[in-house]
A.B. asks: 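Before I ask anything, here is the structure I am working with.
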Number of protein chains: 2
Amino acid sequence: MKKEITIYDIASQIGVSPTTVSRALNNHPRVNERTKKKIYETAEELGYQSNIFASNLRRKYTYNLGVIVPRLDSPFQSSVLAGMEKMASEAGYNLIISQSLDSLSKEIANTKSMFNSRVDGLLVSLAADTGNIDHFQPFFQKEIPVLFYDRVPEQNQFTGVVIDNVQAGFEATSHLIDQGCENIVHVLGNPKINVYMDRLKGYKYALMDHDKHYNPDYVIHLKLDEHAGENIVEQLLNMDPVPDGLLVSNDTCAASCVIALKKRGIEIPRQMAIVGFNNDLISRMVDPNLSTINYPSFHMGEVAVKNLINHLSDEENQLLQKTETITLRFSLIVRGSSNRLAL
Amino acid sequence: MKKEITIYDIASQIGVSPTTVSRALNNHPRVNERTKKKIYETAEELGYQSNIFASNLRRKYTYNLGVIVPRLDSPFQSSVLAGMEKMASEAGYNLIISQSLDSLSKEIANTKSMFNSRVDGLLVSLAADTGNIDHFQPFFQKEIPVLFYDRVPEQNQFTGVVIDNVQAGFEATSHLIDQGCENIVHVLGNPKINVYMDRLKGYKYALMDHDKHYNPDYVIHLKLDEHAGENIVEQLLNMDPVPDGLLVSNDTCAASCVIALKKRGIEIPRQMAIVGFNNDLISRMVDPNLSTINYPSFHMGEVAVKNLINHLSDEENQLLQKTETITLRFSLIVRGSSNRLAL
DNA sequence: ATAATTTATGAAATCGGTTGCAAAAATAGA
DNA sequence: TCTATTTTTGCAACCGATTTCATAAATTAT
């Protein structure tokens, strides 16, 4: 290990105190311009690199933001992360990213680890089985801002970025009804997650709004992955009456349903109209293309980080602890999988 | 900001020196078991949290690994990251992740930022336009291990994790030839990237091996995204003779080709047999399913981190600076898009 | 009982910036 | 020229844990 260049080296090199060097490097106004220039030059020349540990130790600030996502390898989450990274890097922050794998115990471990790493702020999309948010208590107590996005806690006492999932579920369902669907099945993931719960609400409201009867048998809960389609379609075809509309809470799963239905010779959208969620790549690739809710994932990442950093740089604490929820706009994209009227 | 609990608080609480507390908390053997127990209890009771800055400042070790990926929102990269995160978190390391967006200048900025953050090691998949790797020089000089994966530098002087892309290109092309394809087009991305260059080599070798003529016009370079299919198919149909085999260097793009071809009524695989790369979700969803090279992305992430950590914990420097490349196994998955013989 | 070890603990220096306070230098004002 | 300001600079303490070296206490050997 080579010796490190410190501000002391720079200081002695040009016969000035470390204090002045420190101030110069931080561009403190109370340092003579000529001195500054000389210090910059010497620093450059010696290949000086600031020791952030020393700096952090004094300042208690890391310029690191923690992120806890359910899984890294999901089209939605990776798009959010891309937005976060862009914003963070522009503002000079690093992102420390970890995944909970939808397990509460891992989420707790991650939270602890983030706390010990002393991130300046935390961005979280909750694990499926996270019932309460007590494990964030250390952050709350130390007044380190925690911002939830997409999958947020039940309680209303948090800062978060979401879309109006009730409305999204409502619009998607209403659209299916408008297309003449009589019996609409809704497939969703773990109902403990607000996202799914809200969409389900929207689904019910839409039925009510159109004087349709709500049939609990038409609601299917399961893991929304690429293999679910077969199982779902099997169930659909055994229902009485066989449904003619399908609202699936993510595109991957919706696409797998499309495939399973086609395999059985069922015409889409004539016999079965389908709407997914997220506007993932797959929704534009499957045949027929999936109608879906366009989820502003990248933007959500940007907004979340932007907002968190605003909180952090808010010296006067004017925003701090102000509980607020930012709701982003979504839109229903109608494509072949549900567009009966265009037939 | 509440006052922080330090080892001094613990020390004075039970009338012992900070030295002993520090040693106890690090489970140093030279501390009496009884004393240790008391220190642990008091630490717990006071809600002590170690200050990693102070610790890092002394130890010069962060337990942070840097990762620079071309883009966060790619199925391949996010799967690699998932593997990395799993391994890192098991070993007690954090991941600081940033994206270069395939721009050299951003990669340089990211590298600097990682260096200033004093990560213990760096994992890199290079940007498309990265010609040389001079910007990693500070890492090399300070002997901070840098491990490249997938997209690695031209030079042979690096530690890296890859698959044998020459062989993969060879096998994929040979497979198409075996299926009776006479004229095979190869679509690939920026040829400055080793991955694409190597596959092109494999493509050529396979042609040679089967006594087929190599036609440079049959090699198309462009951005491999979901929109490329139209453009590619347009080109294909204007070729003379019109090709009957297509090797596309990623699944997203290959899937878009499938769609564009079907739109024009071209039968797959009879008139055009197609092989993609990566075994992304989309390859299993498009109709017909895509034959593809199964890329061990998750595993690649695991192996990369595992290996990096091995380097780091190698006290005696036995491994250090030993240039080595780990080559992972890939496999060709044959599906409907190329399986003519099954027709 | 005394010397030789072994075990347990502490004092103080150190890691490298940052910052409150005070002094020195430069400039302005009378 | 001398006092009042304003600019620049530096001293020294501090952030909190780690570690070297030395010493005290306990244990074993002689």
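Chain letters run A, B, ... following the sequence lines, proteins first, then strands; residues in each count from 1.
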A.B. asks: Indicate whether the side chain of S103(B) and that of S100(B) have a donor and an acceptor atom separated by less than 3.5 Å.
C.D. replies: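 No, no side-chain donor-acceptor pair sits under 3.5 Å.
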A.B. asks: Report yes if some heavy atom in the side chain of D120(A) is under 4.5 Å from a heavy atom in the side chain of N64(A); otherwise report no.
C.D. replies: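 The answer is no, as the side chains (C-beta and beyond) never meet within the 4.5 Å cut-off.
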A.B. asks: If a protein heavy atom is under 4.0 Å from the base, mark B; if only from the sugar-phosphate, S; if neither, -; do that for nucleotides 17-23 of chain C going 5' to 3'.
C.D. replies: BBBB---
A.B. asks: Which is the 5'-most and which the 3'-most nucleotide of DNA chain D that has an atom under 4.0 Å from a heavy atom of chain B?
C.D. replies: dG16(D) to dT20(D)
A.B. asks: Does I96(B) reach the side chain of V67(B), with side-chain heavy atoms less than 4.5 Å apart?
C.D. replies: no
A.B. asks: Looking at the rings of F53(B) and Y61(A), which for Trp means the six-membered one, are their centres under 6.0 Å apart?
C.D. replies: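 Centroid separation for F53(B) and Y61(A): 6.0 Å or greater.
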A.B. asks: Any Lys/Arg nitrogen of E41(B) or K38(B) sitting under 4.0 Å from an Asp/Glu carboxylate oxygen of the other?
C.D. replies: no
A.B. asks: Give a yes or no on whether a salt bridge exists between E107(A) and K112(A), defined as a side-chain N under 4.0 angstrom from a carboxylate O.
C.D. replies: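 Salt bridge: no.
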A.B. asks: Answer yes if the side chains of N110(B) and S89(A) hold a donor-acceptor pair under 3.5 Å, and no otherwise.
C.D. replies: no
A.B. asks: How would you label the contact of V16(B) with the nucleic acid (heavy atoms, under 4.0 Å): base, sugar-phosphate, or nothing?
C.D. replies: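 The answer is sugar-phosphate, as V16(B) gets under 4.0 Å only of primed atoms, P, OP1 or OP2.
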A.B. asks: Cut-off 3.5 Å, side chains only: do S78(B) and D73(A) have a donor facing an acceptor?
C.D. replies: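 No, no side-chain donor-acceptor contact under 3.5 Å.
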A.B. asks: Please report the end-to-end axis angle for the helix from dA1(C)-dT30(D) to dA30(C)-dT1(D), five pairs per end, rounded to 10 degrees.
C.D. replies: 40°
A.B. asks: Could you list the residues that satisfy salt bridge (charged side-chain N to carboxylate O under 4.0 Å, His left out) with E85(B), not counting sequence neighbours?
C.D. replies: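 E85(B) satisfies salt bridge (charged side-chain N to carboxylate O under 4.0 Å, His left out) with K106(A) only.
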A.B. asks: Are any of the side-chain heavy atoms of L122(B) and F136(B) separated by less than 4.5 Å?
C.D. replies: yes
A.B. asks: Write out a two-atom table: protein N or O, nucleotide N or O from nucleotides 4-7 of chain C, distance below 3.5 Å.
C.D. replies:
none

A.B. asks: Got a sec, which pairs hit ring pair (Phe, Tyr, Trp, His ring centres under 6.0 Å) with one end in residues 24-45 of chain B, sequence neighbours left out?
C.D. replies: none
A.B. asks: If we only count heavy atoms from C-beta on, is the P296(A) to I163(A) side-chain gap below 4.5 Å?
C.D. replies: yes
